Structure formats: structure tokens, C-alpha cells
Visitor: 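The structure's right below; bear with me while I get my questions together.
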Amino acid sequence: MTSRHLPQQSRSRKRFEQILQAAAAVFAEVGYEAASTEAIAQRANTSIGSLYRFFPDKTAVLYALAERYAEQMRDLFVTKFNSSTVDRPLAQVVSDTVEAFDDFFTTVPGAQAIMLRSRVSPELQAVNQRADREIVAHLAAFFALRQPQMEPEQRQLAALVSVEITGALQLLSLAQTEQLRQQIVTETKHILIRYLQPLFPDCDPTHEKTGS
């Protein structure tokens, strides 16, 4: 459990959301280490006591945000890999998805700070791993739609490797300068497309988008 009390009443839910939004902004501005519950409460225009009604400390706020962002990432992935995109060039779907996740982490307040914090937080790693397992399962199902003759074990392995490659390079990219981050994003697309091409012959790199 990430909070003391999950709000039931409309007024409490509004306050809960204000605190999460304020925390995301504070984490984005100063990072997790420099953030404080006092700063979060002040940004949320609420008292520190009100914050503690929902969250025992700033770590609990961090985990609540991480859970929310993990759910949003799962939803984002589903919009990219589904029955409506199964006939699109796979290289294009891959490219669009890598760009969409990069955009998520660089534009959603606090998402980048939370991802970087996961390097030293087993609890956040566990949140990411749960989300990754669901994404792997969904990607394997997408591969089954695209290439039904492929063995289930091979689909599962391809999905697992793809997700792990993406996650590792994504984490690496977020710790770099803007120019290097963009270069790593481009390399991530190239690596995934070339990995998948022998498994999906129609994964033609010439279909890859070169920009958003």
C-alpha cells in the first residue's frame, strides 16, 4: 500500500490528486532527493497534516506516482500494439512506440525523476517489473496475431527481449544530455528493428519513421 488512506469522498479524492500532481511537479523540478513533503504540501496548497492523511512520507508519494505512471505506460503500449495496428509495417510500429515512450518520460511531470530513481530503489524496480510483465504478455499476443505460425515460446522470448532492451536503453537515455538522449532513442529503434527482422521478414527498416 502506498498511502495511509485511499480517498473515497469526492473532496478527499480531489485533495489526493492535488498532492500527486504537486509531487510530480516538485520531483520534476528538484529531483526526488531534494524534494520534501513540506514543498509538496505547499505546491498542493494544502497543509502538511493533510498530506500525511494520505501519505506517511515522500517515498509513499513516489510509489503512488510510480504505480500510476506504470498503468499509463501499459495503456500507452496497448494503443500502439493492438489488432488495429497488426497490419502496419512493424518497423513503423516499433519506431512510433519508442518515440511515444520517450515523449512520455520527457514530458509527463516527474516521470523521468521516478524512472531514474528506480536505479537505486528495489521497490520502484518491482513496480516496473510488474508493468513489464504485462507489456511482455501483450506484445507476445500481438506477435501471435501477426505471425500465428511462430512457436509460443519464441514469441514470448522475442517479446521479453524487446521489452528488456527498450527498458534498459530508455533508462540509459534519460540520464544523458538532450543530444545524446535523442541519439540513444534512435539507436534503440535501430536495434529493435534489426533484432525483430529475422523473426518477422516484413519488419523492413525502410519503413521506419525518421522523425515524429
Side-chain angles (χ1 to χ4, degrees), residues 2 63-106 108 111-112 114-175 181 183-210 212:
T2 57
Y63 294 159
L65 272 175
E67 291 281 4
R68 172 165 297 186
Y69 288 166
E71 182 178 354
Q72 292 175 359
M73 285 187 289
R74 289 192 295 267
D75 292 344
L76 174 61
F77 188 86
V78 170
T79 68
K80 299 298 181 180
F81 289 88
N82 56 62
S83 58
S84 69
T85 63
V86 73
D87 293 324
R88 292 180 62 199
L90 186 56
Q92 184 176 341
V93 178
V94 168
S95 179
D96 288 348
T97 305
V98 172
E99 290 176 4
F101 271 77
D102 176 66
D103 184 67
F104 179 90
F105 280 108
T106 55
V108 175
Q112 182 171 347
I114 290 172
M115 185 67 165
L116 292 174
R117 180 68 184 174
S118 70
R119 293 179 299 181
V120 296
S121 169
E123 292 83 2
L124 289 182
Q125 290 170 14
V127 171
N128 291 340
Q129 288 167 359
R130 287 195 297 271
D132 285 350
R133 283 195 293 269
E134 294 183 27
I135 289 174
V136 167
H138 186 84
L139 183 57
F142 177 85
F143 287 163
L145 289 175
R146 194 173 185 97
Q147 198 151 302
Q149 70 274 20
M150 183 182 290
E151 291 294 328
E153 294 80 6
Q154 189 174 28
R155 292 196 301 263
Q156 183 70 19
L157 178 61
L160 177 61
V161 170
S162 297
V163 171
E164 290 296 325
I165 287 174
T166 304
L169 291 176
Q170 193 166 63
L171 181 57
L172 174 66
S173 73
L174 294 175
R181 180 186 64 77
Q183 291 173 338
I184 293 173
V185 168
T186 298
E187 289 302 303
T188 301
K189 292 188 288 184
H190 291 167
I191 290 168
L192 287 172
I193 290 167
R194 281 159 178 74
Y195 168 68
L196 291 171
Q197 193 174 14
L199 302 172
F200 300 90
D202 61 333
C203 188
D204 184 351
T206 61
H207 289 296
E208 182 190 354
K209 291 176 62 178
T210 58
S212 301

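A quick note: this is a predicted structure, and the numbers were derived from the prediction, not measured.
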Visitor: Determine yes or no for a side-chain-to-main-chain donor-acceptor pair under 3.5 angstrom, with R146 supplying the side chain and V86 the backbone.
Guide: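 Side chain of R146 to backbone of V86, a donor-acceptor pair under 3.5 Å: yes, one is there.
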
Visitor: What's the shortest heavy-atom distance between I114 and A66, and which atoms?
Guide: CG2-CB, 3.9 Å

Visitor: For the pair H190 and T186, evaluate side chain to side chain contact (heavy atoms under 4.5 Å, CB included) and give the outcome as yes or no after the intermediate values.
Guide: CA-CA 6 Å; H190 291 167; T186 298; 3.6 Å; yes

Visitor: Rounded at 0.5 Å granularity, tell me how far CE in M150 sits from CD in Q156.
Guide: 12.0 Å

Visitor: Apply side chain to side chain contact (heavy atoms under 4.5 Å, CB included) to the pair Y69 and F105, showing each step before the final yes or no.
Guide: CA-CA 10 Å; Y69 288 166; F105 280 108; over 6 Å; no

Visitor: Is there a side chain to side chain contact (heavy atoms under 4.5 Å, CB included) between D96 and Q92? Walk through the geometry before answering.
Guide: CA-CA 6 Å; D96 288 348; Q92 184 176 341; 3.8 Å; yes

Visitor: Would you name the heavy atoms of A175 and R119 that are closest together and state the gap between them?
Guide: CB-NH1, 3.8 Å

Visitor: Are any of the side-chain heavy atoms of M115 and N128 separated by less than 4.5 Å?
Guide: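 Sidechains of N128 and M115: in contact.
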
Visitor: Heavy atoms, side chains only, cut-off 4.5 Å: are L76 and T97 in contact?
Guide: no

Visitor: Measure across A70 and A131 and return the closest heavy-atom pair with its distance rounded to 0.1 Å.
Guide: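 A70 and A131 have their closest heavy atoms at CB-CB, 4.0 Å.
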
Visitor: For A158 and Y195, work out which heavy atoms get closest and say how close.
Guide: CA-OH, 3.4 Å

Visitor: Can you tell me which residue pairs pass the ring-ring contact (aromatic ring centres under 6.0 Å, His included) test with a partner in residues 139-165, sequence neighbours excluded?
Guide: F81-F142, F143-F200

Visitor: Run the numbers on S173 and T188 for side chain to side chain contact (heavy atoms under 4.5 Å, CB included), then give the verdict.
Guide: CA-CA 10 Å; S173 73; T188 301; over 6 Å; no

Visitor: I need the L192 CG to T166 OG1 distance, nearest 0.5 Å.
Guide: 4.0 Å

Visitor: Would you give the length of the straight line joining atom CD1 of I165 to atom CD of Q170, rounded to the nearest 0.5 angstrom?
Guide: 13.0 Å

Visitor: Nearest 0.5 Å, please: how far is CG in L139 from CG in L160?
Guide: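 The CG atom of L160 sits 10.0 Å away from the CG atom of L139.
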
Visitor: With rounding to the nearest 0.5 Å, note down the distance linking CG in L172 to CD1 in I184.
Guide: 4.0 Å

Visitor: Would you say Y63 and V127 make side-chain contact, with heavy atoms under 4.5 Å?
Guide: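 Y63 vs V127: side chains apart.
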
Visitor: Within the structure provided, determine whether Q112 and L116 are in side-chain contact (heavy-atom separation under 4.5 Å).
Guide: yes

Visitor: On a heavy-atom basis, which atom in V93 and which in K80 lie closest, and how many Å separate them?
Guide: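 Heavy atoms of V93 and K80 come nearest at CG1-O, 3.4 Å.
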
Visitor: To the nearest 0.5 Å, how far apart are CD1 in I193 and OG in S162?
Guide: 11.0 Å

Visitor: When you measure from the side chain of Q147 to the backbone N and O of L199, does any donor-acceptor pair fall under 3.5 Å?
Guide: yes

Visitor: Looking at side-chain heavy atoms only, is the closest gap between L169 and E187 below 4.5 Å?
Guide: no

Visitor: For residues 122-139, which residue pairs qualify under salt bridge (charged side-chain N to carboxylate O under 4.0 Å, His left out), counting only residues two or more places apart or in two chains?
Guide: E67-R130, R74-E134

